[in-house]
Amino acid sequence: MPSRLPNGSPAGIPGRPASSVEERLRARILERLDELGWPAPGELAVERPRDPAHGDWSSNVALALAKPLRRAPRAIAEELARAWQPEPGLVDSVEVAGPGFVNFRLRPDVYASALRKLLLDPDAYLRSDAGRGSSVIVEFVSSNPTGPLHIGHGRNAALGDAVASLLEAAGWSVTREYYFNDAGNQMETLGRSLQARYSQLLDPSTSFPEGGYEGEYLVRIAEELRAELGDGLIDASDPAASLPFFQARAAAVMVESIRADLEVFGVRFDSWFNESCLYQEGLVERALERLRDRGAVYESQGAVWFRSSAYGDSDDRVLVKSSGHPTYFLPDVAYHMDKHERGFARAVNVWGADHHGYVPRMQAAMAALGYEPDWLHCIVYQAVTLLEGGEAVKLSTRKARFVTLRELVQEVGAAVARYFLLMRRADTHLNFDLDVARAQSDENPVYYVQYAHARSQSVFTRLLAAGAHDARDTEPGRLAGANLERLILPREGDLLKLLAEFPDLVREAAVAREPHRVAGFLERLAKEFHIWYHEVRILGEDVELMRARLALARGVQIAVRRGLGLLGISAPEAM
RNA sequence: GCGCCCGUAGCUCAGAUGGAUAGAGCGACAGCCUCCGGAGCUGUAGGCCAGAGGUUCGAAUCCUCUCGGGCGCACCA
């Protein structure tokens, strides 16, 4: 995954959409440097300046070349601007400003043709080639089925799914996988807890195990069990004999319930992976052997250790306890080895902040196994605080006072829940304000974006209702043929430029694995759309102008729908 | 004690690979519906980017330290 893209070949820089305006301008700049006999700078910034007075696009090329050329940046910029040949295709004017910025204004038809491409084939328009078709496995949620999913799992699910979608848009072949720890002693505790709940139905004085899962959901499962199979599930002379049954039952019910919760949330996995398979197929032992072969393992005090400190971790880690049982870590290494052996070119994990300490040891294991340093990427997200009435609602699986993901979705809807969980950077703490999420008002940013989509739809509906046009006149393919030169208002230019940024934004968000950038873009786009909508009348007597404006509205609508789609959020045609 | 994340407007947060005068939403205040959806639009106020040094043409951004907040430091998972 190139986080930094090579500047070498003007013809086609890998990873950038070939059709993107930024890409074309970047290529053109590099051509000019080549003509002048100047080197390409190591890092070339081409970006949209905040201040429109600085042009459509701006580059730091002269500043970056100041050192290698040993000349003043301003002089370099001026020479570059002078050498710029008049050209029909892309650049309209070049200016030098400030300490040596080179500012470009592009020909309007550049943006018009970008809109046409968006209308004709949105998939192709948005698709970049950063992934080049190679495969990546995105593992997320992977919560142990000891209780219902809560809002923290929701952040994980929303992030993992959105990152997966972004990677797909960036040209990766993506597998979404859920890793299910069905072999650990948490599952045993779960079984014991269920068994105790069942016993309590028969004899309320039965004690509940220390550290058990106290949630109400286990009482319900116990009641179902009793209704279904009666009172005789526990042999009084040998209570332990029934434990595996309760464990299996509890696990099966919980997994199904998690799957259903995720379904309601709009998240589906391609694959569910059971930890127990790793043991059954001997992968755990093989992982240990592989580490041993590489000289990364030693024994001490009756335990087997991984020399992780030799691979960047702060301490060595136990793989096999002196009891002879593996730690949690060893099967996890085996699991990642399995991902690698399944042929994935990259792996992405989505982990809660409470696991951030495991990143160095897992990376150490990957290094010891000889994998590329960036084969595994861990996205670590910070905690979610649920606020209601200005107060934090405490979350705790064990103590059972919490709002489940399912309740949250029922309360505010999947769209709002997902948007709120994705609109902030993963590495900041997230305050999820239930009161704002519940509000169907201008407090709620989701509706602002969705409204842009619904609002443009209503224009098409209105047009058709008037009777003079048929449905084909509102089709994107048809509208691509509109005379877009009629879009001469500054607002229309702003919208067109914003739409032209979209492909690069999607690629950058994918490469950085940061879905919140998409949310930010959608809010900007919706804002520009609403301003424009307020300023102009789309439907009117001048049919040519109307068609141009319909094309723009359609382009915005498609971009909003695609962007929301990347976040796993619906784009309603009416609200 | 050590490690990771965070500290930007009253609140919640963006600020891309260091770039030009620090941004948005909400809240507050003042406005806009004979007009395609007012879940909208316009304007005003609000900042020593936690603090102190350093690197450089240039720092909210990189480095060091201090102070705050969160999380993690198991032969648990």
Side-chain angles (χ1 to χ4, degrees), chain A residues 3-5 42-45 47 49-51 53-54 58 60 63-64 66-67 72-74 97-101 103 144 146 181 183-187 189 300-305 314-315 317-323 325-329 332 352-360 380-383 385 387 390 423-431 433 436 439-448 450-452 454-463 465-466 504-505 508-509 512 514 516-517 519-520 523-524 526-527 529-531 533-540 546 549 553 574-575:
Chain A
S3 60
R4 194 148 308 173
L5 297 148
E43 289 175 26
L44 174 61
E47 55 195 16
R50 289 121 189 94
D51 186 347
H54 296 139
S58 177
N60 70 344
L63 295 151
K67 204 163 284 177
R74 184 94 201 179
F101 290 99
N103 298 334
N144 289 347
T146 55
N181 288 110
N185 58 23
Q186 282 191 7
M187 296 313 296
T189 304
S300 173
Q301 298 169 312
V304 180
W305 294 72
S314 57
D315 296 289
R317 307 294 174 182
V318 172
L319 294 166
V320 182
K321 299 182 245 182
S322 51
S323 67
H325 294 95
T327 59
Y328 167 87
F329 179 50
D332 223 12
D354 53 341
H355 287 82
H356 76 256
Y358 295 88
V359 175
V380 175
Y381 64 93
Q382 300 294 316
T385 303
L387 297 171
M423 68 182 176
R424 306 303 183 205
R425 261 169 45 219
D427 56 10
T428 61
H429 291 255
L430 178 67
N431 283 317
D433 191 324
V436 174
Q440 296 207 357
S441 71
D442 51 8
E443 278 182 273
N444 197 323
V446 190
Y447 298 122
Y448 187 78
Q450 287 185 323
Y451 185 47
R455 208 176 203 185
S456 49
Q457 185 60 39
S458 75
V459 177
F460 301 121
T461 306
R462 185 85 176 196
L463 177 77
D504 291 302
L505 180 115
E508 285 163 5
E514 291 183 346
H516 78 277
R517 296 195 199 188
E523 288 182 36
R524 278 201 292 152
K527 174 149 192 98
F529 174 76
H530 288 308
I531 293 171
Y533 181 90
H534 206 262
E535 199 172 275
V536 308
R537 228 190 122 74
I538 296 171
L539 304 180
M546 177 177 78
R549 287 180 171 163
M575 299 170 66

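What you see is a predicted model, and the numbers here were worked out from it, not measured in a lab. Any value given below was found using the heavy atoms of this structure, including those in side chains, with hydrogens, waters and symmetry copies removed.
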Nucleotides 73-76 of chain B: which of its N/O atoms have a protein N/O under 3.5 Å away?
{"from": "rC75(B)", "atom 1": "O2", "to": "S322(A)", "atom 2": "N", "distance (Å)": "2.6"}
{"from": "rC75(B)", "atom 1": "O2", "to": "S322(A)", "atom 2": "OG", "distance (Å)": "2.8"}
{"from": "rC75(B)", "atom 1": "N3", "to": "S322(A)", "atom 2": "OG", "distance (Å)": "3.2"}
{"from": "rC75(B)", "atom 1": "N4", "to": "Q301(A)", "atom 2": "O", "distance (Å)": "3.0"}
{"from": "rC76(B)", "atom 1": "OP2", "to": "K321(A)", "atom 2": "NZ", "distance (Å)": "2.4"}
{"from": "rC76(B)", "atom 1": "N4", "to": "Y358(A)", "atom 2": "OH", "distance (Å)": "2.8"}

Inset, instruction - Can you run through RNA chain B from 5' to 3' and write each base as (, ), [, ], | or . depending on how it pairs? Watson-Crick or G-U wobble, both distances under 3.5 Å. - result: (((((((..((((.....[...)))).(((((.......))))).....(((((..]....))))))))))))....

Legend entry - Rounded distance in Å between the P positions of rG51(B) and rG68(B): 15 Å

Inset, instruction - Flag the pair P99(A) / F101(A) as yes when at least one side-chain heavy-atom distance between them is below 4.5 Å, and no otherwise. - result: yes

Inset, instruction - Determine: side-chain N/O of R455(A) to OP1/OP2 of rG38(B), distance under 4.0 Å, yes or no. - result: yes

Inset, instruction - Write down the distance separating the C1' atoms in rA60(B) and rA16(B), rounded off to the nearest Å. - result: 13 Å

Inset, instruction - Nearest whole angstrom, please: distance from the P of rU56(B) to the NZ of K67(A). - result: 8 Å

Inset, instruction - With C1' as the reference atom in both, quote the distance from rU55(B) to rC62(B) in angstrom, rounded to an integer. - result: 8 Å

Inset, instruction - Would you indicate what A574(A) reaches in the nucleic acid, counting non-hydrogen atoms under 4.0 angstrom: base, sugar-phosphate, or nothing? - result: base

Inset, instruction - Under 4.0 Å between any heavy atoms, over every strand shown, what does L63(A) touch: base, sugar-phosphate, or nothing? Just pick one. - result: base

Inset, instruction - Tell whether D504(A) reaches the base of rA16(B) with its side chain through a donor-acceptor pair below 3.5 angstrom. - result: no

Inset, instruction - Can you see which heavy atom on N60(A) is nearest to which on A45(A), and at what distance? - result: OD1-N, 3.0 Å

Inset, instruction - Starting from P on rC33(B), measure out to NE2 on H534(A) and report it in whole angstrom. - result: 10 Å

Legend entry - Rounded P spacing from rU8(B) to rG70(B) in Å: 15 Å

Inset, instruction - Report yes if some heavy atom in the side chain of I538(A) is under 4.5 Å from a heavy atom in the side chain of Y533(A); otherwise report no. - result: yes

Inset, instruction - Tell me what E443(A) touches on the nucleic acid: a base, only sugar-phosphate, or nothing, going by heavy atoms under 4.0 Å. - result: sugar-phosphate

Inset, instruction - Taking only the side-chain nitrogens and oxygens of Y448(A), find out if one of them lies under 4.0 Å from OP1 or OP2 of rC41(B). - result: yes

Legend entry - Residue whose nearest RNA chain B nucleotide is more 5′ - P49(A) or S458(A): P49(A)

Legend entry - Chi-angle category of rC62(B) [syn within 90° of 0, anti beyond]: anti

Inset, instruction - Output the distance between atom CE (M575(A)) and atom CD (Q450(A)), rounded to the nearest 0.5 Å. - result: 5.0 Å

Legend entry - Sugar-phosphate only, base, or nothing, as touched by V536(A) at under 4.0 Å among non-hydrogen atoms: base

Inset, instruction - Taking H54(A) for its side chain and A97(A) for its backbone only, find out whether a donor-acceptor pair lies under 3.5 Å. - result: no

Legend entry - Nucleotide nearest R462(A) when distance is taken to its side chain, options rC36(B), rC41(B), rC57(B): rC36(B)

Inset, instruction - Quick one: label A97(A) by what it contacts on the DNA or RNA (base, sugar-phosphate, nothing), any heavy atom closer than 4.0 Å. - result: base

Inset, instruction - Between rA50(B) and rG15(B), how far apart are the P atoms? Round to whole Å, please. - result: 15 Å

Inset, instruction - Report which part of the nucleic acid S58(A) touches: base, sugar-phosphate, or nothing (heavy-atom distance under 4.0 Å, all strands). - result: base

Inset, instruction - Calculate the interatomic distance between E508(A) atom CD and rU17(B) atom P; express it in whole Å. - result: 8 Å

Legend entry - D51(A) CG to rA22(B) P, straight-line distance once rounded to whole Å: 12 Å

Legend entry - Between rA24(B) (C1') and R517(A) (CZ): distance, integer Å: 17 Å

Inset, instruction - Determine the Euclidean distance between corresponding C1' atoms of rC67(B) and rU44(B); express it in Å to zero decimal places. - result: 36 Å

Inset, instruction - Would you indicate what L539(A) reaches in the nucleic acid, counting non-hydrogen atoms under 4.0 angstrom: base, sugar-phosphate, or nothing? - result: base

Legend entry - Comparing N103(A) and N144(A) on RNA chain B - which has the more 5′ nearest nucleotide: N103(A)

Inset, instruction - Rounded to the nearest 0.5 Å, what's the gap from CD on E508(A) to CD on E514(A)? Could you check? - result: 10.5 Å

Inset, instruction - Would you check if L539(A) and R462(A) make a side-chain contact, meaning some heavy-atom pair closer than 4.5 Å? - result: yes

Inset, instruction - Look at all strands and tell whether A72(A) reaches a base, only sugar-phosphate, or nothing, counting heavy atoms closer than 4.0 Å. - result: nothing

Legend entry - V320(A) side chain near T327(A) side chain, heavy-atom distance below 4.5 Å: no

Legend entry - Gap in Å between the two C1' atoms, one belonging to rG53(B) and one to rC41(B), rounded: 47 Å

Inset, instruction - Can you figure out which of rA20(B), rC36(B), rG27(B) approaches the side chain of H54(A) most closely? - result: rA20(B)

Inset, instruction - Taking only the side-chain heavy atoms of R50(A) (C-beta and beyond), determine which of rG15(B), rG19(B), rU42(B) contains the nearest atom. - result: rG15(B)

Legend entry - rG40(B) OP1/OP2 closer than 4.0 Å to side-chain N/O of K527(A): no

Inset, instruction - For D332(A), report the nucleic acid contact type (base, sugar-phosphate, nothing); a contact means any heavy atom under 4.0 Å. - result: nothing

Legend entry - Per-nucleotide protein contact string for nucleotides 2-13 of chain B, where B marks a base within reach and S marks sugar-phosphate only (heavy atoms under 4.0 Å, - for neither): -BBSS-----BS

Inset, instruction - For H516(A), report the nucleic acid contact type (base, sugar-phosphate, nothing); a contact means any heavy atom under 4.0 Å. - result: sugar-phosphate

Legend entry - Atom pair distance, as rounded to whole Å: CE in M575(A) and P in rG38(B): 13 Å

Legend entry - Whether Y533(A) stacks on the six-membered ring of rG40(B) base, 5.5 Å and 30° limits: no

Inset, instruction - Could you check if a side-chain atom of L430(A) sits within less than 4.5 angstrom of a side-chain atom of Q382(A), using non-hydrogen atoms only? - result: no

Legend entry - Between rA16(B) (C1') and R524(A) (CZ): distance, integer Å: 11 Å

Legend entry - Separation between CG of D427(A) and NE2 of H516(A), rounded to the nearest 0.5 Å: 8.5 Å

Inset, instruction - Please report, rounded to the nearest Å, how far the P atom of rG58(B) is from the CZ atom of R74(A). - result: 17 Å

Legend entry - Inter-nucleotide C1' distance (rC29(B), rG10(B)), Å rounded: 14 Å

Inset, instruction - Of all the heavy-atom pairs spanning R455(A) and F529(A), show the shortest one and how long it is. - result: CB-CE2, 4.1 Å

